[in-house]
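Quick note: numbers below take in every heavy atom, side chains included, and nothing from hydrogens, waters or symmetry partners. Because the structure is predicted, anything quoted here is derived from the model rather than measured. The first residue in the sequence is number 1, and the count goes up from there.
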Amino acid sequence: MTFRSYMDIALDEARAAAARGEVPVGAVIVDPLGRIVALAGNRTRELSDPTAHAEVLVIREACARLNAERLPDHDLYVTLEPCPMCATAISFARIRRLYFGASDPKSGGVLQGPRIFEQSQCHHVPEVFDGIGEAPSAALLKSFFAERRS
């Protein structure tokens with residue numbers, strides 16, 4: 001089987017989030033047949049909701065569309081390493097594989113910080129693949145924050 005990345009679509013969602021003034025993070029959930037089930041970008045400011053991260057929104061949308069509380073055999077593509085809250089949601093959703101772009105030394109929760117999937121309380125650990133689309137993901141974030149600092 002040939003690997004197909006959906007990170008370009010996640011990057012489109014991240015760019016749309018940036019255009020809305022949100023931190024540019026985008027996410028896509030794909031079913032076992034490679035069909036896109038849901039897409040989302042950050043909406044914390046728009047929704048006045050600190051939990052409206054791209055990962056949480058895309059999991060909510062996919063679960064609603066499938067009328068399911070879990071997403072076994074589904075893959076998640078996200079442009080930034082998930083924070084601890086999102087990593088926990090990914091575990092609860094039973095996501096099969098997590099692909100992420102840029103690492104997040106400040107707020108990451110997968111390979112940085114608390115490393116949620118390594119905790120004994122973690123009920124499900126997805127396969128994790130980092131660095132997929134890392135350069136464009138990191139560049140988008142750096143550009144976004146540089147504009148706000150100037």
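Follow the hydrophobic side-chain contacts under 4.5 Å out from Met7 and you never reach Val25; the two are in separate clusters. The hydrophobic clustering, which links ILVMFWY residues whose side-chain heavy atoms are closer than 4.5 Å, places Phe145 and Leu11 apart. Leu98 and Phe129 fall into different hydrophobic clusters, where Ile, Leu, Val, Met, Phe, Trp and Tyr residues are linked whenever their side-chain heavy atoms come under 4.5 Å apart, directly or through other members. Under the 4.5 Å side-chain contact rule for hydrophobic residues, Phe100 and Phe144 share a cluster. When hydrophobic clusters are built by joining Ile, Leu, Val, Met, Phe, Trp and Tyr residues whose side-chain heavy atoms come closer than 4.5 Å, directly or via intermediates, Tyr6 is not grouped with Leu80.
Atoms CE and OG, from Met85 and Ser107 in turn, are 11.0 Å apart once rounded to the nearest 0.5 Å. In this structure, Glu118 CD and Ile116 CD1 are separated by 10.0 Å, a value rounded to the nearest 0.5 Å. Residue Glu127 holds its CD atom at 12.0 Å from CZ of Phe117, rounded to the nearest 0.5 Å. Summarising the geometry, atom CZ belonging to Arg43 is positioned 13.0 Å from atom OG belonging to Ser48; distances are rounded to the nearest 0.5 Å. Once rounded to the nearest 0.5 Å, the distance linking OG of Ser143 with CZ of Arg148 reads 9.0 Å. For the atom pair CD1 of Ile90 and CG of Leu76, the computed distance is 5.0 Å after rounding to the nearest 0.5 Å.
Under the 3.5 Å distance criterion, the side-chain polar atoms of Arg20 are left unmatched by any main-chain donor or acceptor of Glu46. A distance-only check finds no donor-acceptor pair linking the side chain of Glu134 to the backbone of Ser103 [under 3.5 Å].
In this structure, Ser91 and Cys122 approach most closely via the heavy-atom pair OG-SG, 3.3 Å. For Pro82 against Cys86, the heavy-atom pair with the smallest separation is CB-CB, 3.9 Å. When every heavy atom of Leu66 is checked against every heavy atom of His74, the shortest pair comes out as CD1-NE2, 3.5 Å. Residue Gly101 comes nearest to Ser137 through the heavy atom pair CA-OG, 4.0 Å, listed as atom of the first residue, atom of the second, then distance.
Looking at residues two or more places apart in sequence or on another chain, you find no salt bridge (charged side-chain N to carboxylate O under 4.0 Å, His left out) involving Arg94. Remark: Glu13 pairs with Leu39 by the side chain to side chain contact (heavy atoms under 4.5 Å, CB included) rule, at least two apart or across chains.
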Take Leu71 and Cys63 through the test side-chain contact (heavy atoms from CB on, under 4.5 Å) and record every step on the way to the result. CA-CA 7 Å; Leu71 301 166; Cys63 287; 3.8 Å; yes

Please lay out, stage by stage, how Val30 and Tyr77 fare under the test side-chain contact (heavy atoms from CB on, under 4.5 Å). CA-CA 8 Å; Val30 180; Tyr77 292 79; 4.0 Å; yes

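With a 4.5 Å cut-off on side-chain heavy atoms, Asn42 and Pro24 do not count as touching. Taking the side chain as every heavy atom from C-beta outward, Ile29 and Ile95 approach each other to under 4.5 Å. Proximity of Leu111 to Asp130: side-chain heavy atoms (C-beta onward) are separated by under 4.5 Å at one or more points.
The salt bridge (charged side-chain N to carboxylate O under 4.0 Å, His left out) with Asp75 is formed by just one residue from the set Arg35, Arg96, Arg4; it is Arg96.
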Report, one line per pair, each donor and acceptor closer than 3.5 Å where one atom sits in a side chain of residues 50-59; sequence neighbours left out.
unit_1: Thr51; atom_1: OG1; unit_2: Asp49; atom_2: OD1; d: 2.6
unit_1: Thr51; atom_1: OG1; unit_2: Asp49; atom_2: OD2; d: 3.3
unit_1: Thr51; atom_1: OG1; unit_2: Arg60; atom_2: NH2; d: 3.3
unit_1: His53; atom_1: NE2; unit_2: Pro50; atom_2: O; d: 3.4

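Within 6.0 Å of the CZ atom in Arg97, the count of heavy atoms belonging to other residues, nucleotides or ligands exceeds 12.
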